[in-house]
Protein chains: 2
Amino acid sequence: MSLKHALLGFLTICPATGYELKGIFENSVQHFWNADLSQIYRTLDEIKTEGLATVRVEPQEGKPPRHIYSLSEKGREEFLRWLREPVKDLPVIRNHFLLKIFFGAFLQKEEVIEHLKRYQNVLQERLAKYRKIEHMAPEGFESMLRSKGIIEKGTAAPFELTALKNHLLYAIATLRLGFKIAEATDEWCTETINELQSLASEKSKTEKPKSVKKQRAKGAKV
Amino acid sequence: MSLKHALLGFLTICPATGYELKGIFENSVQHFWNADLSQIYRTLDEIKTEGLATVRVEPQEGKPPRHIYSLSEKGREEFLRWLREPVKDLPVIRNHFLLKIFFGAFLQKEEVIEHLKRYQNVLQERLAKYRKIEHMAPEGFESMLRSKGIIEKGTAAPFELTALKNHLLYAIATLRLGFKIAEATDEWCTETINELQSLASEKSKTEKPKSVKKQRAKGAKV
DNA sequence: TGCACTTATATGATCTTTCATATATGTGCA
DNA sequence: TGCACATATATGAAAGATCATATAAGTGCA
């Protein structure tokens, strides 16, 4: 379970509440990690219980009190221990979309093409999101943290600016991979659509021009 | 839960046992779906309970009996219903490796480079596996099923050959995406390593030539 | 000879994740 | 005026995934 370590990582940068951490997740690591709010709360509780962070409760009017988590020295050590630990495996992936493409022979070609086109839309949405994050990034995490209200206006960031810039370098690097993969996937969708379409038209040459498409598609139904 | 539908999908092609299905998974969809044996057994049991497949028990000497699952008409319908259902979201990803890179500013540059290089090894292993699957693929699923003993020697495949070739088309397409993504990731690792190394050498120009590297790295420790 | 691996099933325990729900107020939009 | 959404926490329940373990014979390798 590395949600814990992701949270410890962000807390290393700055104390935060569970709700804020959810926002930070969405605006920085969403392309390779996602977290449910309820799970964040539970994990923060675990972090507290294990003595990896301390909590300060800040009452609010009309709203539930903010529980602000601050990393302890133990938490910091655990985070660094995890951070240095080598990664041995590729991430576990379960891609419903590819599973459907894999079984494409049980559909009509046109239906598979629909799946591919729809997925391209999903990818475009995701790319738009990445661009938004990218736009935000140049001013660094600081701006993000400020916009989230974690850093008060006029207050200095609670960590070195050099380190912050260094951090930005890595954040951008991971984002760049996100772009690369999304773009490669989009390209692949186009290629596959073309491949499927050309297959249909090749058939049309040798057999009847129009009705054949449906025949072939029907044949695909094993 | 689409493990169920993945299993139904393979059972649409050919009856099989849980153990065989595990092997089929590893040799075809491992790059976008992975399944634990114990989970496969449990899901097959669910499939049976829901009337999506029937089971024939085949005793063996010295070994537990083989439970051969055959898809029912209901199972086939459920599979096709799922297959046509549009996919609205990108897959949920949790990439431990990228999480560590993201927090790279808390490590020394050399340590991050180590992470990247190690990951490249993991990717190479994966690419080798893909190539193996690719080599196997041209003779189609048939050969795979035969090698797994699902189809007896000399017996015809229990489904049309045209459909089989069509199936191969899609299987290869998903594999191609697997290659693309693994290659793009590998490239990104190299680029990122270079970027980090050039950063270090730029610093060396302006400051002391050798000792500086360590200084900078130390500075990265926020 | 010994050890590891393959074949083949299955369950208990636990971990992780998701979904639904509850509460309560302020803000912006139509 | 009404409705959705942001803020802010939290829990119950269920679904889904992983890990350990059990059984038991055969095969291949050093």
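Atom set for the values below is all heavy atoms of this structure, side chains included, hydrogens, waters and symmetry mates excluded. Since this is a predicted model, take the numbers as computed values, not measurements. Residue numbering restarts at 1 for every chain, and letters A, B, ... go by the order of the sequence lines.
Remark: side-chain polar atoms of A/Lys100 are not paired, donor with acceptor, to backbone N or O of B/Val87 under 3.5 angstrom.
Side-chain rings of A/Phe79 and B/Phe103 approach one another, their centers coming within less than 6.0 Å. Between A/Tyr130 and A/Phe179, a ring centre-to-centre spacing shorter than 6.0 Å is recorded.
For the pair A/Leu7 CG and C/dT17 P, the interatomic distance rounds to 11 Å; values are reported in whole Å. Atom-to-atom, OH of A/Tyr41 to P of D/dT7 comes out at 11 Å; the value is rounded to the nearest Å. The distance from atom CG of A/Leu37 to atom C1' of D/dA6 is 12 Å, rounded to the nearest whole Å. To the nearest angstrom, C1' of D/dA10 lies 10 Å from CG of A/Asp45. Atom CG of B/Asp36 is separated from atom P of C/dG12 by 16 Å (rounded to the nearest Å). Residue A/Ile24 contributes atom CD1, which lies 12 Å from atom P of D/dT7 at whole-angstrom precision. The nearest whole Å value for the distance from the CG atom in A/Leu21 to the P atom in D/dA6 is 18 Å. In this structure, B/Asn34 atom CG and D/dG16 atom C1' are separated by 12 Å, rounded to whole Å.
A donor and an acceptor atom, one from each side chain of B/His67 and B/Glu58, are nowhere located under 3.5 Å apart.
The nucleotide whose nearest atom lies closest to any side-chain atom of B/Thr17 is, among D/dT9, C/dT9, C/dT18, C/dT9. For A/Arg94, the side-chain atoms get nearest to D/dT18 when compared with the rest of D/dT18, C/dT17, C/dT7. Checking C/dA8, C/dT18, D/dA8 against every side-chain atom of B/Gln60, the shortest atom distance belongs to C/dA8. Of the candidate nucleotides D/dT7, D/dT9, C/dT9, D/dT7 has the atom lying nearest to any side-chain atom of A/Lys63. Among D/dA8, C/dT9, D/dA10, the nucleotide with an atom closest to any side-chain atom of A/Tyr19 is D/dA8. The A/Gln39 side chain lies nearest to C/dT17 when the options are C/dT9, C/dT17, D/dA8.
When heavy atoms are screened at a 4.0 angstrom cut-off, B/Ser38 is found touching base atoms of the nucleic acid.
Both B/Tyr69 and B/Val92 sit near DNA chain C, but only B/Tyr69 has its closest nucleotide nearer the 5' end.
Side-chain N/O atoms of B/Arg42 and base N/O atoms of D/dT18 include a donor-acceptor pair closer than 3.5 Å.
For the pair A/Lys4 and A/Trp82, the NZ or CZ position fails the cation-pi test of under 6.0 Å to the six-membered ring centre and within 45 degrees of the ring normal.
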